[in-house]
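Data first, discussion second: the structure below is written as structure tokens.
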Amino acid sequence: MTHYYIEELSKYVGDEVEIKGWVYNKRSSGKIRFIIVRDGTGIVQCIMMKNAISEEVFTKFDELTQESSLIVVGKVRKENRAPGGYELEISDIKIVNIAKDYPITPKEHGIEFLSDIRHLWLRSSRQHAIMRIRHQIIRAIREFFDNRGFLLLDAPIFTPAACEGTSTLFETEYFDLGKAYLTQSGQLYGEAGALAFGKIYVFGPTFRAEKSKTRRHLTEFWMVEPEVAWNDLNDNMELAEEFLEYIVTSVLNNRQQELKVLERNTEYLEKVKKPFPRVSYDEAVDILKKNGIAFEWGNDFGGTDETIISNQFDRPVIVHRYPSEVKAFYMKRDPENPKVALAMDVLAPEGYGEIVGGSQREDDYDTLLSRINEHKLPVEAFEWYLDLRRYGSVPHAGFGLGVERTVSWICGLEHIRETIPFPRMIYRLTP
Ligand code: 4AD
Ligand code: MG
């Protein structure tokens, strides 16, 4: 018999079908018994009547426990009162595996307990909703760039040097070649790609030995990084806002049901339309001062500062021209004010903070070389990167979007740990 999936049962009303899944729940009222089955695509109520079925099949009900695996054969019926609108009138059941004492019950569990059994927690409906929205976001990211002629360029994970500061590097021994570091960002390779192919995006896992235990930090996260030859800071900001609008619209158009499961208020999401407000770092500092924060020019914004700034606006806000001292070595300085870099961050609304960081890149050989030295980075490891300024250097710009921060914001989550199947944080490496 063909294997049918629950999400497509509406097409088979009146037919006898076979579904394969797990027991989500069961209940009984005398001569009628209900088994709620999930198969990963949905949930269906399967019903059996004592008089309409053999004793052998009817009593299998007693053996079934939560998360036992089974194959159910039955006729599809439209039933408005059933969850999902359809139910299955059981004619046969095959038990595949009986789950003994499944640890997650319908009662409330603590977050540490659930995190320890993340491999099972992923079966619950809330996690399903988050993972489907994550998938939608990733699909939208690929669609956006693919439809605009960007080439997907995969950057290496083992790298010889730092890209985003030396304090968050994961280090490992690399045969006879000394130390290797897990990539913090594929950007430098993306720049080589942009000068080879014009416009590219790097999309992969990145690593930061973040010592911070916040609701925004993972040690392993996914980043997508477009890089475009000939783009300046302004083009970069336009690309970022068009991109974010595309992602949010794609989730709103395709994942309403999941947003409902998460009880997400979508009011703010519906406002994510370009153009986004743009404020310079200087203007952002004024906003903080007006809100009673004793902020000193030259510092980087903390989580609370970002929340105060973004609370002034009803959609994501772009902050540009940060002090070059707090930003990465590769960022080009503003020719009109060398104290600031041609950098930009996008801050998400509702206190979700920075989701995008990017800049126009330093394209002058001599200036870049002195920046590498000022940052005490090993020049030998950057010779190939300097080649990009030796041979046909052009203005170029790009940015990085953190997938998990984006999922957290769009889903309206309290903590980033639920945005990725198996989160890696300073205090968590398992399961
Ligand atoms: O601002 P970041 O550090 O920028 C870069 O890495 C650039 N090389 C990107 C580029 O221009 N190509 O990181 C970019 C984004 C942040 O805005 C944030 O969304 C995410 O990556 N991010 C993290 N997400 C989760 N956990 C962490 N520890 C993160 N660190 C950065
Ligand atoms: Mg940043």
Side-chain angles (χ1 to χ4, degrees), residues 133-153 185-187 190-191 193-194 197-204 222-255 259 266-280 284 306 309-310 312-322 331-332 342-350 352-361 394-411:
I133 292 172
R134 179 187 169 95
H135 184 185
Q136 188 69 41
I137 290 169
I138 291 173
R139 184 186 291 189
I141 289 170
R142 294 196 181 284
E143 259 170 26
F144 180 87
F145 291 119
D146 293 347
N147 292 343
R148 283 163 182 73
F150 283 63
L151 180 101
L152 172 67
L153 189 104
S185 154
Q187 178 200 317
E191 288 181 53
F197 298 99
K199 41 187 180 176
I200 62 92
Y201 66 106
V202 176
F203 196 3
W222 284 67
M223 210 200 302
V224 57
E225 300 179 88
E227 190 72 32
V228 185
W230 308 103
N231 265 12
D232 62 12
L233 178 65
N234 212 41
D235 302 322
N236 205 33
M237 295 196 276
E238 276 173 22
L239 183 66
E241 62 190 7
E242 197 176 325
F243 179 49
L244 281 169
E245 177 180 328
Y246 188 89
I247 294 173
V248 172
T249 306
S250 171
V251 173
L252 286 172
N253 288 346
N254 297 286
R255 291 288 166 244
L259 291 166
T266 55
E267 197 184 314
Y268 272 106
L269 298 179
E270 270 141 29
K271 291 191 183 137
V272 181
K273 300 277 177 226
K274 60 176 191 184
F276 297 168
R278 293 178 191 189
V279 298
S280 66
E306 287 178 352
I309 298 163
S310 63
Q312 315 300 312
F313 307 95
D314 70 347
R315 63 193 75 198
V317 52
I318 307 183
V319 181
H320 57 85
R321 293 182 171 78
Y322 285 75
M331 292 187 180
K332 192 174 179 64
L342 294 174
M344 61 108 182
D345 280 0
V346 182
L347 311 182
E350 302 169 84
Y352 282 91
E354 179 199 332
I355 48 171
V356 165
S359 73
Q360 186 173 332
R361 319 306 188 188
V394 296
H396 60 288
F399 60 81
L401 168 91
V403 169
E404 290 73 19
R405 293 229 184 132
T406 308
V407 175
S408 194
W409 161 50
I410 292 180
C411 291

Between Ile133 and Ile410, is a side-chain contact (heavy atoms from CB on, under 4.5 Å) present by the stated rule, with each step listed? CA-CA 8 Å; Ile133 292 172; Ile410 292 180; 4.2 Å; yes
Worked verdict on Leu252 versus Thr266 for side-chain contact (heavy atoms from CB on, under 4.5 Å): CA-CA 8 Å; Leu252 286 172; Thr266 55; 4.0 Å; yes
Would Tyr268 and Arg315 satisfy side-chain contact (heavy atoms from CB on, under 4.5 Å), going step by step from the backbone distance to the final call? CA-CA 7 Å; Tyr268 272 106; Arg315 63 193 75 198; over 6 Å; no
Under the side-chain contact (heavy atoms from CB on, under 4.5 Å) criterion, do Leu342 and Asn236 qualify, and how do the steps go? CA-CA 10 Å; Leu342 294 174; Asn236 205 33; over 6 Å; no
Could you walk me through whether Glu241 and Arg278 pass the salt bridge (charged side-chain N to carboxylate O under 4.0 Å, His left out) check? CA-CA 11 Å; Glu241 62 190 7; Arg278 293 178 191 189; 3.1 Å; yes
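Between Val356 and Met344, the closest side-chain pair of non-hydrogen atoms falls below 4.5 Å. For the pair Asn231/Lys199, no side-chain contact is recorded, criterion being any heavy-atom separation below 4.5 Å from C-beta on. Counting heavy atoms from C-beta outward, Glu227 and Arg361 have side chains that approach closer than 4.5 Å. You'll find the side chain of Phe276 reaches within 4.5 Å of the side chain of Ile318, heavy atoms only. Residues Tyr352 and Ser310 form no side-chain contact, since every pair of their non-hydrogen atoms from C-beta on lies 4.5 Å or further apart. Looking at Val228 and Phe399, their side chains never come closer than 4.5 Å, going by heavy atoms from C-beta outward. The closest side-chain heavy-atom distance from Pro316 to Leu347 is not below 4.5 Å. In this structure, the side chains of Trp409 and Val248 come closer than 4.5 Å at one or more pairs of heavy atoms.
With hydrogens and angles ignored, the 3.5 Å screen pairs no side-chain donor or acceptor of Gln136 with any backbone N or O of Val251. Here the side chain of Glu306 pairs no donor or acceptor atom with the backbone of Gly353 at under 3.5 angstrom.
Contact between Ala240 and Val346 at its shortest, heavy atoms only, is CB-CG2, 4.4 Å. Between Asp146 and Phe150, the closest heavy-atom pair is OD1-O, 4.3 Å. Looking at every heavy atom in both residues, Ala140 comes nearest to Tyr246 through O-CE2, 3.4 Å. The two residues Ile200 and Ala194 have their closest heavy-atom pair at CG1-N, 3.8 Å.
Taking the centre and axis of the six-membered ring of Phe243, the NZ or CZ atom of Arg148 falls outside the cone set by 45° and 6.0 Å.
Here CD of Glu143 is found 5.5 Å from OG of Ser250. Values are rounded to the nearest 0.5 Å. Residue Met223 holds its CE atom at 16.0 Å from OH of Tyr201, rounded to the nearest 0.5 Å. Separating the CZ atom in Arg255 from the CD1 atom in Ile137 is a distance of 10.5 Å, to the nearest 0.5 Å. Residue Glu350 holds its CD atom at 10.5 Å from OG of Ser408, rounded to the nearest 0.5 Å. Remark: Ile247 CD1 to Leu401 CG distance equals 5.0 Å, nearest 0.5 Å. Taking CE of Met331 as the reference point, atom CZ of Arg321 lies at 13.0 Å (rounded to 0.5 Å).
We find that Glu404 and Arg134 are joined by a salt bridge, their nearest charged nitrogen and carboxylate oxygen being less than 4.0 Å apart.
Looking only at atom types and distance, the side chain of His396 has a donor-acceptor partner in the side chain of Glu191 under 3.5 Å away. With hydrogens and angles left out, the side-chain atoms of Asp345 and Tyr322 include a donor and acceptor closer than 3.5 Å.
The salt bridge (charged side-chain N to carboxylate O under 4.0 Å, His left out) search around Glu354 returns none, not counting sequence neighbours. With sequence neighbours excluded, no residue forms a salt bridge (charged side-chain N to carboxylate O under 4.0 Å, His left out) with Glu225.
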